[in-house]
Amino acid sequence: QVHLMESGGGSVQAGGSLRLSCVVSGYSYYRYCMGWIRQAPGKEREAVAGLDCDGRTRYADSVKGRFTISKDNAKNILYLQMSSLKADDTAMYYCAAKPENIVAAPTATGEEYNYWGQGTQVTVSS
């Protein structure tokens, strides 16, 4: 069982930056493929960044060039560095994980992930 705990959300003005963190705990024999997914009120869930088990990264077009996903394997922390934030980035951001032995193609909404954190709110004011 894997437990995910996000932090780092908050309120920021448009053009600003935030770094989200996700602490990964719990034992697993397998490596985990991970990602960040967001959901704004009244909008569909959107997978904004993914870190595949082989180390490749994926980004939604809406955040490409502004967001960076990374992981500190020694500390088991997943990060999402967000810059040039826009009002449209306002959402609850979730960290999610999938063990590498589960074969599931990436989706635009993060449905491939099995484990989710509780979320951290990001609010960008224009």
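As a basis for the values below, the full set of heavy atoms in this structure was taken, side chains included, without hydrogen atoms, waters or symmetry mates.
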Exercise. Evaluate side chain to side chain contact (heavy atoms under 4.5 Å, CB included) for M82 paired with V48, printing each intermediate quantity in order.
Key: CA-CA 11 Å; M82 307 184 294; V48 296; over 6 Å; no
Practice problem: Please work out whether the ring planes of Y32 and Y115 are parallel, tilted or perpendicular, with thresholds of 30° and 60°. | Solution: perpendicular
Exercise. Would you mind listing every side-chain hydrogen bond (donor to acceptor under 3.5 Å, both in side chains) that reaches into residues 10-19, with sequence neighbours excluded?
Key: none
Self-check item: Under 3.5 Å donor-acceptor, T109 side chain and E46 backbone
Solution: no
Practice problem: Quick one: pull up CD in E6 and CG in L80 and give me the separation to the nearest 0.5 Å. | Solution: 11.0 Å
Quiz prompt | Selection residues 90-112 - residue pairs positive for salt bridge (charged side-chain N to carboxylate O under 4.0 Å, His left out), sequence neighbours left out | solution = R31-E100
Self-check item: Non-hydrogen atoms of N114 and P99 that approach each other most closely
Solution: OD1-CD, 3.3 Å
Quiz item: Taking atom CG of L85 and atom OG of S125, what is their separation to the nearest 0.5 Å?
Solution: 10.5 Å
Quiz item: In terms of side-chain geometry, is the basic nitrogen of K86 or D89 positioned less than 4.0 Å from the acidic oxygen of its partner?
Solution: no
Self-check item: Steps toward side chain to side chain contact (heavy atoms under 4.5 Å, CB included) verdict (L20, Y94)
Solution: CA-CA 10 Å; L20 306 184; Y94 299 91; over 6 Å; no
Practice problem: Indicate if Y93 and V24 have the same hydrophobic cluster label, given that clusters are the connected sets of ILVMFWY residues with side-chain heavy-atom separations under 4.5 angstrom. | Solution: yes
Self-check item: Q118 CD to M5 CE distance, which is reported to the nearest 0.5 Å
Solution: 5.0 Å
Self-check item: Derivation of the side chain to side chain contact (heavy atoms under 4.5 Å, CB included) call for V122 and R38
Solution: CA-CA 9 Å; V122 172; R38 69 185 180 187; over 6 Å; no
Self-check item: Nearest non-hydrogen partners of K75 and D72, listed with the distance
Solution: N-OD1, 3.1 Å
Quiz item: Got a donor-acceptor contact below 3.5 angstrom from the T90 side chain to the V124 backbone?
Solution: yes
Quiz item: Would a distance-only check, ignoring hydrogens and angles, find a side-chain to backbone donor-acceptor pair under 3.5 Å from Y59 to I69?
Solution: yes
Quiz prompt | Side-chain donor or acceptor of W116 paired with backbone N/O of L4 under 3.5 Å | solution = no
Quiz item: Quick one: SG on C95 to CD1 on I37, what's the gap to the nearest 0.5 Å?
Solution: 7.5 Å
Just list the side-chain donor-acceptor pairs under 3.5 Å for residues 49-58, sequence neighbours left out, or say none.
from, atom 1, to, atom 2, distance (Å)
D52, OD1, R58, NE, 3.0
D52, OD1, R58, NH2, 3.0
D52, OD2, R58, NE, 3.4
D54, OD1, R56, N, 3.1
D54, OD1, R56, NE, 3.4
D54, OD2, R56, NE, 2.7
D54, OD2, R56, NH2, 2.9

Quiz item: What's the shortest heavy-atom distance between S126 and A14, and which atoms?
Solution: CA-CB, 4.1 Å
Quiz item: Quick one: does Q39's side chain have a donor or acceptor within less than 3.5 Å of a partner on A91's backbone?
Solution: no
Exercise. Determine whether V63 and M34 fall in the same hydrophobic cluster, where Ile, Leu, Val, Met, Phe, Trp and Tyr are linked whenever their side-chain heavy atoms lie under 4.5 Å apart.
Key: yes
Quiz item: Say you draw a straight line from OG of S21 to CD of Q81; how long is it, rounded to the nearest 0.5 Å?
Solution: 9.5 Å
